[in-house]
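Quick caveat: nothing in here was measured; it's all calculated off a predicted structure. In the text below, chain A, chain B and the rest are named by the order of the sequence lines, each starting its count at 1.
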Amino acid sequence: MSARLRITPPADYLFRRDCCSYGYFLLAPNVWDPATRTLTRPFLLPGGRAHAQIAQPSDAPGGAVTARVDRDLDVADRAALRRQIRRMLNLDDAGVAGFHRADRRWRRAGRGRLFRSPTVFEDLIKTVTSCNVAWPSTITMNRRLCEVIEPAFPAPGQLARRRPQTLRSRCGVGYRDRRIVDLARLITSGRLDMQWLEDPATPDEDAHRALLDLPGIGPYAAGNMMQLLGRYGYLAVDTETIRHGRAVLGFAGSDRAVEKRVRAHYDRFGAHRFRSYWFELWAHYEAKHGPAWTWEPRTTGTQFTAAKLNSD
DNA sequence: GGTAGACCTGGACGC
DNA sequence: GCGTCCAGGTCTACC
């Protein structure tokens, strides 16, 4: 019993490049296999959980993206899976051409789309688990959330029911326990509307302000969530940004001074600031360790950020 | 508005 | 093997 889904991507979409474009492709429940160039993970569908192996068999830009699923799918399941994969691979991003006009460096390489999660909520929790922690701990937290709560990644209702102490002791999320449960409860109670956040009609400033009001979401996390919502006009400044400002852009001075200069530097890219920043950073990593799609999740993939990559 | 310190975990380091 | 230190972003209290 199995099913197959075929998705037609934009003409410039290259799966191995565009799937491996942001660190979340290395976080559970995502499993990237460099040998087969496939991404495998379970999805929560109306009819229950289903595992899908996603690939682009032609391995050429614009080739059909396929998903091999481990069970039959009814109409509702197929629609939900298609919607989640399209979000995850950012296939409906209409701003790529505009980005390439704003920053011509990436037009030839085709860079433009950033990988994200099938749902905004998964992106939100992944962002919280990436704050104030080294990358290996982020990997562990996401793995345990999938092992303990839900293999296809916990849904808001599943986390809203949990005691914070359970997340702390069994998932290793530390002091983020209460914040994660509070975020889930904000959604299940209807006080936080994820569709409103993702709606292009919602002004960027309103979405950004709403994110900053959430528990566990500060300036960095709000900036990161903005790009995960397809709003690329904000930077997500963390220690790696400062390192990039010093090492690559050549800025000097205090952290605060470097941040100010980094922000001014990317202002020229307007609504595409984050993409220009991020692909610069990503290119720096790939120059040292090869294309991200070749990274072994258990080795290079566990240390792809910051000091470790830069020190090699 | 700016700053100091607490929060929690895992890795690095010294013994 | 054990203890100590440090990195990492957010939040709160305080000035």
Side-chain angles (χ1 to χ4, degrees), chain A residues 22-24 26-28 121-149 154 159 162-187 191-192 197 207-229 234-247 253-263 273-274 277-278 281-282 284-285 289 296-312:
Chain A
Y22 193 68
Y24 289 4
L26 293 162
L27 295 180
F121 182 69
E122 185 174 327
D123 276 338
L124 188 61
I125 300 305
K126 280 180 158 54
T127 296
V128 170
T129 63
S130 74
C131 287
N132 194 29
V133 74
W135 183 245
S137 293
T138 302
I139 292 175
T140 302
M141 285 185 232
N142 281 274
R143 179 171 47 78
R144 290 194 190 158
L145 282 168
C146 294
E147 288 171 353
V148 174
I149 312 290
L159 286 176
R162 293 287 175 158
R163 290 183 304 123
Q165 185 56 38
T166 304
L167 299 185
R168 179 182 294 230
S169 60
R170 300 187 61 196
C171 303
V173 301
Y175 66 87
R176 301 163 195 79
D177 56 354
R178 166 61 64 185
R179 297 171 187 178
I180 288 172
V181 171
D182 285 348
L183 282 169
R185 289 177 181 168
L186 280 172
I187 293 166
R191 284 176 288 163
L192 174 59
L197 277 178
H208 190 241
R209 208 175 304 119
L211 288 166
L212 284 170
D213 278 344
L214 297 176
I217 304 296
Y220 162 76
N224 194 50
M225 279 306 297
M226 288 296 280
Q227 67 91 2
L228 291 163
L229 290 165
Y234 292 71
L235 291 182
V237 175
D238 59 5
T239 51
E240 183 60 356
T241 315
I242 304 303
R243 203 177 343 256
H244 183 73
R246 288 204 172 93
S254 66
D255 286 2
R256 180 180 288 262
V258 172
E259 177 180 344
K260 200 172 175 183
R261 292 195 64 183
V262 167
R263 289 190 181 281
R273 284 180 184 87
F274 186 86
Y277 158 69
W278 184 257
L281 200 68
W282 206 244
H284 184 63
Y285 294 159
H289 295 274
E296 288 290 341
R298 289 179 186 279
T299 54
T300 309
T302 66
Q303 53 174 297
F304 90 100
T305 52
K308 281 197 172 183
L309 269 182
N310 289 326
S311 65
D312 287 349

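- Regarding D177(A), its CG atom lies at a distance of 13 Å from the C1' atom of dT9(B), rounded to whole Å.
- Every side-chain hydrogen bond (donor to acceptor under 3.5 Å, both in side chains) that R263(A) has, sequence neighbours left out, goes to E259(A).
- At a threshold of 4.0 angstrom between heavy atoms, the contacts of R178(A) with the nucleic acid are absent.
- For the pair D123(A) and L229(A), the minimum side-chain heavy-atom distance is 4.5 Å or more.
- Residue R176(A) comes nearest to V128(A) through the heavy atom pair CD-O, 3.5 Å, listed as atom of the first residue, atom of the second, then distance.
- Annotation: the span from M141(A) atom CE to L27(A) atom CG amounts to 10.5 Å, rounded to 0.5 Å.
- Separating the CG atom of D255(A) from the P atom of dA4(B) is a distance of 13 Å, rounded to the nearest angstrom.
- In this structure, the CD1 atom of I139(A) is 10 Å from the P atom of dG11(B), given to the nearest Å.
- Partners of A236(A) by side chain to side chain contact (heavy atoms under 4.5 Å, CB included), not counting sequence neighbours, listed by chain and number: Y220(A), N224(A), F274(A).
- What separates CG of D238(A) from P of dT10(C) is a distance of 9 Å, to the nearest Å.
- Rounding to whole angstrom units, CD of residue Q165(A) and C1' of dC7(B) are separated by 14 Å.
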Hey, what are the protein-to-nucleotides 11-15 of chain C N/O distances that come in under 3.5 Å?
from    : atom 1 : to      : atom 2 : distance (Å)
dC11(C) : OP1    : G216(A) : N      : 2.4
dC11(C) : OP1    : I217(A) : N      : 3.4
dC11(C) : OP2    : I217(A) : O      : 3.4

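- Residues A221(A) and C131(A) share a closest heavy-atom pair of CB-SG, 4.0 Å.
- D255(A) pairs by the salt bridge (Lys or Arg N to Asp or Glu O under 4.0 Å) definition with R246(A), not counting sequence neighbours.
- Between the two ends of the helix from dG1(B)-dC15(C) to dC15(B)-dG1(C), each summarised by a five-pair axis, the helix axis turns through 40° (rounded to 10 degrees).
- A 4.5 Å side-chain heavy-atom check between L214(A) and L183(A) finds at least one atom pair inside the cut-off.
- At distances below 3.5 Å, at least one donor-acceptor pair connects side-chain atoms of T138(A) with backbone N or O atoms of T129(A).
- The CH2-P distance, from W135(A) to dC8(B), rounds to 23 Å in whole Å.
- One atom, CG of N224(A), and another, C1' of dT10(C), lie 15 Å apart when rounded to the nearest Å.
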Tabulate atom names and distances for all N/O pairs under 3.5 angstrom spanning the protein and nucleotides 2-7 of chain C.
none

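- Residues D177(A) and T166(A) fail the side-chain proximity criterion, which asks for heavy atoms closer than 4.5 Å.
- Residue R168(A) has its side chain nearest to dT9(B) when only dT9(B), dG10(B), dG9(C) are considered.
- Between L145(A) and L167(A) there is a side-chain heavy-atom pair separated by less than 4.5 Å.
- At whole-Å resolution of the value, OH in Y175(A) and C1' in dG8(C) are 7 Å apart.
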